[in-house]
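Single-structure report; data block below.
In each ligand, atom 1 is the first atom listed, and ligand 1 is the first ligand listed. Values in this document were obtained by computation on a predicted structure and should not be read as measured data.
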Amino acid sequence: MSQTTRLRLTSLFFVIIFATLVLSVQLPVPKYHRLPSLRQQAKIQDAWRQERINNVIPALLNKYNIDLWIVSQREYAGDTVFWSLKPATTFAARRRTLQIFERVTQKRLWGLLQQSTTVRVHTLVDNTDQIWSDLRSAVDAANPKTIVLNIDSDIAFADGLHAGEREAIELALGEHNLAKVTREPRLAVELIETRVKAMIQPYKEVMETVHAMITEAFSDDVIVPHVTTTEDVVWWFRERIQAQNMTTWFQPIVDVFRRGDDSTKPNEAEGTVRVILPGDILWCDVGVVAYGLATDTQHLGYVLRDGEDEVPEGIHEGLRSYANVMQDIVKEEIKVERTGNEILASSLERINEKGITGTVYSHPIGDWGHSAGPLIGMVNLQESIPGKGDLKVIPNSWFSVELQALVPIPEWDGQVVPFRLEEDIYVDETGANHWVYRRQEEMHIVDWQSKDVTLVAQE
Ligand SMILES: *[C@@H]1O[C@H](CO)[C@@H](O)[C@H](O)[C@H]1NC(C)=O
C-alpha cells in the first residue's frame, strides 16, 4: 500500500466517521415550503384531474365491469365525487350538472387480443328538461349493460346522489335503463382514494411544512410556561396555517398530560383550556389543506422543568419503545389486498405480543382528511368495522397511521399517559409504503430557561 493510498484511506475513514456522527446526532430541522401562485396551483391540480379521468376511471370501470357511470347534481347539492373531478377553477356545480362516464373498449385487429379502454365523458349543464332528453340520448347511444348511480346506505363517499335528484333521474332514465342500474360503492370509493403519482412531491412539502409548524409551536418561541394556554397554541396554529396560505379541515387540538392528573380517561380534558406548565407533556392534532390535499398529524412535546436539561427517560421511552413500535407494526401490516379489519386484527395481535396496551384508529387520507377507503379501527371500535373496515388496501393510496399507546411513566410514579401519534404514509404503485415526510422519534422540547421570560397578558 503506497503512502498516498494509505493517506486517502485514512481520510476516507474520517469522512465516514464524521458523516455517521453528524447523521446519527440530529435529523435536519423541517423547513417551511411556500406554495406556488394560485394560478400555478390550478395548473398542477388540473393535470392531476386529467390523469384521474384518463387513467383512473377507465381502470375502475374495467375492474368492476361497469359500462356507464352517472354523477348527477344541482348547484350546492354536489355529489361527493364531484370534488375529486372538478376543475380547479370550478367552485360548485352549476344549475343541474350531469357527468356521464362511458366505457369505450377498442379492440385492435392487429395483436388480436389487444384491448384498450378509454372513457368518453359527457358533461351536461342545463336548467330545463332538455337535460333529461340529452341524458336519454347519451345513454341510448352507449347502450350499456350496466349503469352505476351513487347510492349506498353505508359509505358516504358512494352515496352522493341526493334523494330528490335520484327521483328525477330515475324518472328520466325510464324502466328500460333502470333495469340496468346497479350499485358499486367501490367505484366512488376508489376514485376518491386513488392517488396520482405526481401528487407525492407537493404532498411531501406540505407535510414538511406541518412538521416545521409543530416544531415552532412546541418551542419557547410560542410557549411561555405559566402564561401560554393550550387555546393560545390552537389559535397560533390557525394563524400560522393562514400565513402559509393553507387552510384546515378541523380546528387544531392542543392538550397537556400532567403528573398527578388522571389523563387516561378519553376526552376528559378535551375542550378544557389549560395554562401550560413546566413538566407538562404536550400533545397536538393538526391538519392542513393545500392543493386540495389534506394532512393529519399528531405529535408530542415536553416542557422542561426548572433545572432540567433533557426529557425524562421514561417519557422518551414512551415515544420510542411504545408509540413508535406501534407505528412500525401498523405500517408493516398495511398491505395491498388486505382489508382494514385484517390489518387491525394482526396489528393488535402483534402490539399485544410486545406487551403494549394501545388502540389503533388509522384511516385513508388525501382528498379528504378522513378519506375514502379501508378504515383500520376507530377509537370506539377495536374489534372490527362492518362495511368500511372490509374494504381492501389498493396501490397508490394514502393512510394516516393514527394510534395511542398507554405508557406507565416511572418518573411519574407509574402514572399512565396516552402517547398519541399520527403520521401519514403513502402506498406506492408496487404496494410498498413510506412515511410521507418522516415520523416523530424525538420529543419536541420547550426549553424556556435561557429566555428572559417576561409575563405578558395574552389577547
Ligand atoms: C401568501 O400569499 C400572499 C399573497 O399572494 C403572499 O404575499 C405571501 O408571501 C404568501 N405567503 C407564503 C408563506 O407563501
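- Trp48 is listed as a side-chain neighbour of Pro202, based on a closest heavy-atom distance under 4.5 Å.
- Distance check on atom 2 (O) of ligand 1: some protein heavy atom falls below the 4.0 Å cut-off.
- At a cut-off of 3.5 Å, with distance as the only test, a side-chain donor of Asp134 or Gln130 sits close to an acceptor on the other residue.
- Every atom of ligand 1 is numbered from 1 in the order shown, and the set under 4.0 Å from a heavy atom of Asn245 is 1 (C), 2 (O), 3 (C), 8 (C), 10 (C), 11 (N), 12 (C), 14 (O).
- The nearest heavy-atom contact from the protein to atom 9 (O) of ligand 1 is Arg34 NH2, 2.6 Å.
- Taking a distance limit of 4.0 Å, we find that atom 11 (N) of ligand 1 is approached by some protein heavy atom.
- We find the CD1-CZ distance between Ile66 and Arg186 to be 9.5 Å, quoted to the nearest 0.5 Å.
- Checked against a 3.5 angstrom limit, the closest N/O atoms of Gln244 and ligand 1 fall outside it.
- Taking every non-hydrogen atom of Ala243 and a distance limit under 4.0 Å, the qualifying atoms of ligand 1 come out as 11 (N), 12 (C), 13 (C).
- Counting non-hydrogen atoms of other residues, nucleotides and ligands closer than 6.0 Å to CZ of Arg305 gives a total of 12 or fewer.
- Atom CD of Glu411 has more than 12 heavy atoms from other residues, nucleotides or ligands within 6.0 Å.
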